[in-house]
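First comes the structure, then the notes that go with it.
Source: prediction; values computed, not measured. In this chain, numbering begins with 1 at the start of the sequence shown.
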Amino acid sequence: MSVHSFIPAKICCMVVRINLDCNSCCKKARKIILNMKEIETHMIAKQESRIVICGRFTPADVAIKLRKKMKRRVEILEIQEMGEQLQA
């Protein structure tokens, strides 16, 4: 079992800025986000070049993964921790 395989207890909402020039960039970003299992919801705002991502994840890990797969600079604008998950 690796260090990154556990699910963090807190739900985070993160806003990132990434250059989304065209519709294919948006489609590629959506495909990458949908393949990440730890992300529950997302919203892509093409006009503002922003992506809002919510779920149980480590913000730095998601930003790094998005940067590597999109091959573009990702700037984290805001991180909000929503609450804690009850452990059974």
Side-chain angles (χ1 to χ4, degrees):
M1 192 171 194
S2 68
V3 176
H4 295 288
S5 65
F6 71 96
I7 298 175
K10 297 192 179 197
I11 298 172
C12 295
C13 273
M14 176 173 70
V15 180
V16 296
R17 182 182 311 166
I18 186 168
N19 191 10
L20 299 170
D21 295 338
C22 56
N23 288 335
S24 63
C25 295
C26 290
K27 287 180 184 178
K28 185 174 182 181
R30 183 179 310 279
K31 184 178 175 184
I32 291 167
I33 291 169
L34 288 173
N35 284 331
M36 293 186 208
K37 292 180 178 30
E38 59 269 8
I39 295 176
E40 295 174 5
T41 60
H42 71 281
M43 183 188 74
I44 298 174
K46 182 182 172 191
Q47 298 293 332
E48 293 87 27
S49 296
R50 293 183 183 192
I51 302 175
V52 180
I53 305 167
C54 295
R56 291 181 180 90
F57 57 86
T58 307
D61 291 346
V62 171
I64 290 169
K65 196 179 289 188
L66 196 59
R67 179 180 57 92
K68 284 182 179 178
K69 292 189 176 190
M70 285 288 293
K71 297 185 177 106
R72 292 175 184 242
R73 194 181 89 199
V74 175
E75 181 182 349
I76 298 175
L77 300 176
E78 184 180 345
I79 300 171
Q80 289 183 343
E81 291 183 358
M82 303 305 275
E84 293 189 17
Q85 174 187 8
L86 296 174
Q87 298 288 332

- Task: Grab the two heavy atoms, one from I39 and one from T41, that are nearest each other, plus how far apart they are.
- Result: CG2-O, 3.6 Å
Can you find a pair of side-chain heavy atoms, one from [X] and one from [Y], that are under 4.5 Å apart?
| X | Y | result |
| --- | --- | --- |
| I64 | R67 | yes |
| M70 | L20 | yes |
| H42 | R30 | yes |
| M36 | F57 | no |

- Does R72 use its side chain to pair, donor to acceptor, with the backbone of N19 at less than 3.5 Å?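 Yes.
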- Query: Is there less than 2.5 Å between the SG of C54 and that of C12?
  - Reply: no
Pairwise distance [atom1]([X]) to [atom2]([Y]) - rounded to 0.5 angstrom:
| X | Y | atom1 | atom2 | result |
| --- | --- | --- | --- | --- |
| E78 | Q80 | CD | CD | 4.5 Å |
| I18 | E75 | CD1 | CD | 11.0 Å |
| E48 | R17 | CD | CZ | 10.5 Å |
| E40 | I53 | CD | CD1 | 12.5 Å |
| I44 | S49 | CD1 | OG | 11.5 Å |
| M14 | T58 | CE | OG1 | 10.0 Å |

- Query: Does a sphere of radius 6.0 Å around NZ in K69 hold more than 12 heavy atoms from other residues, nucleotides or ligands, not counting ones at 6.0 Å or beyond?
  - Reply: no
- Message: Taking atom NZ as the centre, does K46 end up with more than 12 heavy-atom neighbours from other residues, nucleotides or ligands that are less than 6.0 angstrom away?
- Response: yes
- Query: Would a hydrophobic clustering, with Ile, Leu, Val, Met, Phe, Trp and Tyr connected at side-chain separations under 4.5 Å, put M43 with M82?
  - Reply: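 Cluster IDs for M43 and M82 differ.
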- Would you mind listing the cluster partners of L34? Hydrophobic ones only (ILVMFWY), side-chain contacts under 4.5 Å, chaining allowed.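 Direct or chained contacts put L34 with none.
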- Of L77, V16, V62, the residue whose pairing with I51 passes side-chain contact (heavy atoms from CB on, under 4.5 Å): V16
